[in-house]
2 protein chains.
Amino acid sequence: MIDVARKAGVSRATAARALGGYGRVSAATIAVVRTAAEEVGYRPNELARSMITGRTRTIGVVISDIENQFFTRVLRGASDVVRDHGYDLLLANTDEDAVAERQMVRVMNGKQVEGLIVCPVDPDEVDHLAETLSAGRPVVLIDRTVTALQLDSVGVDNRRATHDAVSRLISRGHRRIGIISGVQPRFLARALRQESSEPAPGETPSEGRLVGYCQGLREAGLGVDEALVVDGGFHSDQARQAARDLLSIPDRPTALLTTDSLLTISALQAIRNLGLKCPQEVSLLGFDDADWASLVEPPITVISQPAYEIGARAAEFLLARIADGGAASQTVQLPTTLIERGSVATIGPA
Amino acid sequence: MIDVARKAGVSRATAARALGGYGRVSAATIAVVRTAAEEVGYRPNELARSMITGRTRTIGVVISDIENQFFTRVLRGASDVVRDHGYDLLLANTDEDAVAERQMVRVMNGKQVEGLIVCPVDPDEVDHLAETLSAGRPVVLIDRTVTALQLDSVGVDNRRATHDAVSRLISRGHRRIGIISGVQPRFLARALRQESSEPAPGETPSEGRLVGYCQGLREAGLGVDEALVVDGGFHSDQARQAARDLLSIPDRPTALLTTDSLLTISALQAIRNLGLKCPQEVSLLGFDDADWASLVEPPITVISQPAYEIGARAAEFLLARIADGGAASQTVQLPTTLIERGSVATIGPA
DNA sequence: TTCCTCAGTGAGATCGTTCTCGCAACGTGC
DNA sequence: GCACGTTGCGAGAACGATCTCACTGAGGAA
């Protein structure tokens, strides 16, 4: 930059003004400085620029599993939106590790990101997010929410989604409906007490989906059979075993609900391993419309989340807050859609 | 930081030394400064730190399609490795747009990344990469290579992979083998002239795979029938149509090779739409082991790329170069593996 | 002419760190 | 007691940009 100024025969200040496009500079000077910059091969140092302007045009994204298609689609949505506004993404993958999440958020704050999009691992551990906020940087949550902080969040209405799905299964004649979800069995008691269709603060998507399942059954006057509610955990082995167990009980469910795509795969594999016919012997209704869902036999009926939209909206919220700060925090629940394919059978009246 | 120094009753320099862990400070002072920092809630500004040290501990990743499972796995590999070395990732998605790629690389350079992992859109357009290099920042290529620059690159031996796949099909009795790839038909003439098993500089993966296909046929003394080589393009509609056309010619191929997972999906759909039985009437052999490949009926036999490894190795190369600069550029080709499942039939001797 | 405004410019402060230097205090060896 | 290395610390420069302010000269109004 000092070379550019010398070559153009002006002061550093003027050269900077000409290239940075701020302050007052004559058109003639701009031209001279521009060509000088060209010759010298000048590349601005955004770090130095950021130091003084306080703007890095970088936003941090912290997600739990980058290999999950749901998150990559969210990421794509966010990426497209921020790019349109001249921002870049600093990416971190937590792998569901709360300690790692804290550390990554801290590092991002150190790097002066202007805001954070986070899918928090633990709804109750929010010190790092509170810190971010108190540093004047907005935080937008995706997919999940937290208890102790009032934050913008973008997700779906999990209770409604599974509630509707259960209702649909019931209308198709199903009475014994199993659910494989990623929640501890002891949560079931609490789920059964939930009356509201509003999600509880800090409720995980899995929990919300279990609640919706209970509510759907109750609405139809059916009870919740605890034997039909199983924990699929986080790994496919565990999920497959859970599905196999559930399908091996004497009074087997006629339909299975799975609360994420990994569980859906595992359930499908279990069904096949047991030699059961889907949907004739067991119906399957999954969460998330992965690309393979329409490819397998039978094509899977799913509850589809607008993942791209979630990412895009989250980014828009964040940018809006970066722009004008204020405004009360808002929780947006985007609509899910039930995509009927071939994995749900109609059962004649018993 | 100035507050911390005041609170601790030392100079800014000493406070900085105590917290930054450099220079000489007494243990007692460190303790005092630490607690002062704690009370004040001091968070270091990495930007300022980077300004003077010249190290940002950030590396840029530029890929073409973040929603492609191959790239997300590559990304995961790179992410894990750089994280272990205390680095972060700045991510950009080009969507196969060369102009966007140039701009993103420039921005990343502006943000002073310490190096770049790039999957370049155009092998001949490398000005932005040359600029990066001349700024003293290493560049490692993944999946693809470029013509005009000597750069580290990590990928697979595409010629060998399809060559072997074709040989396998031939050993299973196939003679008419079709290929759906993402290359212009006019490239075929050039592909046919390739003798070497070494990839040509700037050759795209699709092109390399087509060359390997030709070489595999030639090795078995079979000619390449131009009617069996079709361009699947980049979109699923076009790919499906291409597959449908190929399977509708009078002397239909008995086996189909597809050079990426999108093309494999499209081919599978076309096979089903035409009411053909796989593998009895048409065998299918795809590239890339997506999660659905083992789930569909029949499970697809694929050439699997070590995507995670590619990302991890690329990151390791980059970090090594950041650490000591020199060393001649190296091209690493990781081994592919042919995973046999159920989509390839054995044909009896005609 | 005189005064005022304002476009264009340069000098120097500034952002928040690290780095370079100099200085004082403290052994230690002779 | 003197020279010397070492430890601990502070003052100020440095990184590369932007921002503030004061200055000059041109143009317009009285």
| field | OP1 or OP2 of D:dC9 under 4.0 Å from side-chain N/O of B:T29 | value |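 B:T29 to D:dC9 OP1/OP2: side-chain N or O found under 4.0 Å.
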| field | Phosphate OP1/OP2 of C:dG10: any A:T14 side-chain N/O under 4.0 Å | value |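 Answer yes for this pair, as a side-chain N or O of A:T14 is under 4.0 Å from OP1 or OP2.
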| query | Which part of the nucleic acid, if any, lies within contact of A:S50, taking any heavy atom under 4.0 Å across all strands shown: a base, the sugar-phosphate backbone alone, or nothing? | reply |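 Result for A:S50 = nothing.
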| message | Assess, by modelled atom type and distance only, whether the side chains of A:T56 and A:K111 contain a donor and an acceptor separated by less than 3.5 Å. | response |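 No donor-acceptor contact under 3.5 Å links the two side chains.
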| Side chains of A:D3 and A:Y42: do they bring a donor and an acceptor to under 3.5 Å? |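 Looking only at side-chain atoms, A:Y42 and A:D3 do not form any donor-acceptor pair under 3.5 Å.
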| query | Going through the distances and angles, do A:Y87 and A:R55 end up as a side chain to side chain donor-acceptor pair (under 3.5 Å)? | reply | CA-CA 10 Å; A:Y87 279 74; A:R55 317 212 54 192; 2.6 Å; yes
| field | Residue A:R34 excluded, over 12 heavy atoms near CZ under 6.0 Å | value |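 For A:R34, atom CZ is not crowded (no more than 12 foreign heavy atoms under 6.0 Å).
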| said: If you count heavy atoms of other groups shown closer than 6.0 angstrom to CD of A:E316, is the number above 12? | reply: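 Check passes, neighbour count above 12.
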| query | Starting at the 5' end of DNA chain C and moving along, which residue's nearest nucleotide shows up first, A:R24 or A:R12? | reply |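 Result: A:R24.
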| request: Output yes when B:E39 and B:K7 qualify as a salt bridge under the 4.0 Å nitrogen-oxygen rule, no when they do not. | output: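 So B:E39 pairs with B:K7 through a salt bridge.
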| request: Rounded to the nearest angstrom, tell me the gap between atom NZ in B:K111 and atom P in D:dA17. | output: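 Rounded to whole Å, this separation is 16 Å.
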| Going by heavy atoms closer than 4.0 Å, what residues in residues 39-49 of chain B are next to DNA chain C? |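 Under 4.0 Å from DNA chain C: B:Y42, B:R43, B:P44, B:N45, B:A48, B:R49.
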